[in-house]
Amino acid sequence: MRLSRYFLPILKENPKEAEIVSHRLMLRGGMIRQEGAGIYAFLPLGLRVLNKICAIVREEQNRSGAIELLMPTLQSADLWRESGRYDAYGKEMLRLKDRHERDMLYGPTNEEMITEIFRAYVRSYKDLPLNLYHIQTKFRDEVRPRFGVMRGREFLMKDAYSFDLDEKGARHSYNKMFVAYLRTFARLSLKSIPMRAETGPIGGDLSHEFIILASTGESEVFCHRGYLTMETPAADVNFDDTAAIARIVADWTSHYAATSDMHEAAKFDALPEAARVSARGIEVGHIFYFGTKYSEPMKAVVNGPDGKEHLIHGGSYGIGPSRLVAAIIEASHDEAGMIWPEAVAPFAVGLANLKPGDAACDGACGRIYSELAAKGVDVLYDDRDERPGAKFATLDLIGLPHQAIVGPKSLAEGKVELKDRRSGERELVSVEAAIAKLGGKA
RNA sequence: CGGGGUAUAGCGCAGCCCGGUAGCGCGGAAGUUUUGGGUACUUCAGGCCGCAGGUUCGAAUCCUGCUACCCCGACCA
């Protein structure tokens, strides 16, 4: 993509409303635009990151055996009256009426709807286990939205819902998601720590929050240092191996880890001094087992091997991709701007032409750009008629992991400069070497 | 939902006390200059001064009401 033809509204100054670094950088980097309290448009650069996050979330959901569908954002109030949550949910739920004065709502979550879909079709235990998920816009009318997309009212959520014959099966479904989440966050270059959590308004008796550590995180967390070095489950882990999956979960829940509301100071203080990590964190995922909470009022039953009807045991599993965009920035930035992990970078390479109009610079850039494009590498080519300083600042701000800098000075020696955004390391290499080196970043 | 605050050009702000018809910096356009870390200078464009009422010869400025947004707290992917 040529920057001169792209839509990247960069801000030089800090918008005053942005308190935390991710919000500030997302606004400055032209990734989002606020359209109302807690409501944001994703601009092209932001959307690229969001889509990459969603793609990874999908891959890991699919790998674990979950199946994607897509439910509507608007739901009928009657569905929620069945579960009793229409009255229970409170003002956080956006309620509206259609032209026939029917009560509708903009879904804050989809347990009722997925249960309705499930009960309409599934009759036999032989069709279980089943885990259905979608990635869809949610609306929760938070009293106080803040921190940009970190706590918006409208946000994107991946929510999965598992259905099992009994609690034993449901626990395995829960464990599968647990493992899928560990893999998902690891692929996003996030160090996630599962912590025992309150089950909140959704209910149930087993729940974990996945917290990532970030100095600017919103909540206080306490955990064992062991979590920082634990190994992520491998890509070829067998999700059907109940015992193996349970072992991974047992391993990942063996150490102390709690948010401030679940914190037990005595247990934490009993840990060796060196093992104690007290830090700030951001919740990026939340999983629940809630048993028959919805199947009972909504009569979601299947015939079991015993010929009798059984209420299904359910769980739900959320990840907030839009929040993750901000969370990754919180965990990965510096004074100059964002630093994207390769897996979610909006472009893999930023190519800066320091002197557009100069035949040698244009030629070298054109060659690098087209040859990398041919190899499937996403390149953002800054071909604007701007000062070098402005280009460096822009590239640093938007945090593309690799920068290729082409200027008359180094080009006189046949070299271009490659800069690693994260480490700041630079090296002068030939055009050919630059193409070879960056060509593997597709 | 309680407490506090702000609304003036795309962004950041001044002007408001003490009414006289709007200004600065950044950004944008044109030009000269400059060319490896947001260059300098010149010119230009851009505002129902959040909305609605009121007071006044005259309101960005004073009064009343409304709305939006932000911050702190309680709640949340």
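Every chain is numbered from 1 and lettered A, B, ... according to where its sequence line falls, protein lines coming before strand lines.
- Evaluation of atom-type donor-acceptor distances gives no pair under 3.5 Å for the side chain of A:Arg140 against the base of B:rC76.
- Nearest to the side chain of A:Arg426, among B:rG37, B:rC26, B:rC1, sits B:rG37.
- Base pairing analysis places B:rA29 opposite B:rU43; the two distances defining the Watson-Crick or G-U wobble pair are each below 3.5 Å.
- For the C1' atoms, the distance from B:rC11 to B:rA7 is 15 Å, rounded to whole Å.
- Side-chain atoms of A:Glu13 and base atoms of B:rG25 include a donor and an acceptor less than 3.5 Å apart.
- Note on A:Ala393: a base of the nucleic acid sits closer than 4.0 angstrom, heavy atoms only.
- A:Glu142 comes within 4.0 angstrom of a base, heavy atoms only.
- Here the closest heavy-atom approach between residue A:Leu105 and residue A:Ala77 is recorded as CD2-CA, 4.1 Å.
- Contact annotation: A:Arg387 does not reach the phosphate of B:rG37 (side-chain N/O to OP1 or OP2, under 4.0 Å).
- Stacking between A:Phe155 and B:rA77 is present: the aromatic ring centre lies within less than 5.5 angstrom of the base six-membered ring centre, and the two planes differ by under 30 degrees.
- Neither OP1 nor OP2 of B:rG36 sits under 4.0 Å from any side-chain N or O of A:Lys409.
- In this structure, A:Tyr256 has its ring center closer than 6.0 angstrom to the ring center of A:His263.
- Using a 4.0 Å heavy-atom cutoff across all strands shown, A:Leu11 reaches no nucleic acid atom at all.
- Within the nucleic acid shown, A:Arg153 has no heavy atom closer than 4.0 Å to any nucleic acid atom.
- Checking side-chain atoms of A:Asp382 against main-chain N and O of A:Arg384 turns up a donor-acceptor pair under 3.5 Å.
- If you check B:rC75, B:rG36, B:rC70 against the side chain of A:Ile405, the one that comes closest is B:rG36.
- Backbone-only engagement by A:Lys16 is indicated by non-hydrogen atom pairs under 4.0 Å involving sugar-phosphate atoms exclusively.
- The A:Lys419 side chain lies nearest to B:rG37 when the options are B:rG37, B:rG36, B:rG38.
- Ring centroids of A:Tyr289 and A:Tyr174 are separated by 6.0 Å or more, keeping the two rings apart.
- The main-chain N or O of A:Leu11 is found under 3.5 Å from a side-chain atom of A:Arg28 such that the two form a donor-acceptor pair.
- Protein atom NZ of A:Lys415 is 17 Å distant from nucleotide atom C1' of B:rG36, rounded to whole Å.
- Between the side chain of A:Ser64 and the backbone N or O of A:Gln61 there is at least one donor-acceptor pair closer than 3.5 Å.
- Looking at heavy-atom distances under 4.0 Å, A:Glu19 makes contact with sugar-phosphate atoms alone, never a base.
- The nearest whole Å value for the distance from the CG atom in A:Leu27 to the C1' atom in B:rG10 is 13 Å.
- Contact annotation for A:Ser322: no contact, since no heavy-atom pair falls under 4.0 Å across all strands.
- In terms of phosphate contacts, A:Arg146 brings a side-chain nitrogen or oxygen within less than 4.0 Å of OP1 or OP2 of B:rG73.
- Of the possible polar contacts, none joining the A:Thr184 side chain to the A:Val57 backbone as a donor-acceptor pair under 3.5 Å is found.
- A:Leu397 places its CG atom 11 Å from the C1' atom of B:rG38, with the value rounded to the nearest Å.
- Atom CD of A:Glu111 and atom C1' of B:rA77 are 12 Å apart (whole Å).
- Among the heavy atoms of the strands, none lies under 4.0 Å from A:Gly90.
- Between A:Lys91 and B:rC1, a side-chain N or O to OP1/OP2 separation shorter than 4.0 Å is present.
- Side-chain proximity of A:Phe288 to the nucleotides B:rA74, B:rU35, B:rA77 is greatest for B:rA77.
- We find that NE2 of A:His286 is positioned 15 Å from P of B:rC75, with the value rounded to whole Å.
- Taking atom C1' on both nucleotides, B:rA68 is separated from B:rC49 by 16 Å, rounded to a whole Å.
- Considering only side-chain atoms of A:Ala390, the nucleotide from B:rG38, B:rC75, B:rG36 that sits closest is B:rG38.
- Taking 3.5 Å as the limit, the base of B:rG37 and the side chain of A:Asp396 contain a donor-acceptor pair of atoms between them.
- Nucleic acid contact for A:Gly318: none, since no nucleic acid atom lies under 4.0 Å from a heavy atom of the residue.
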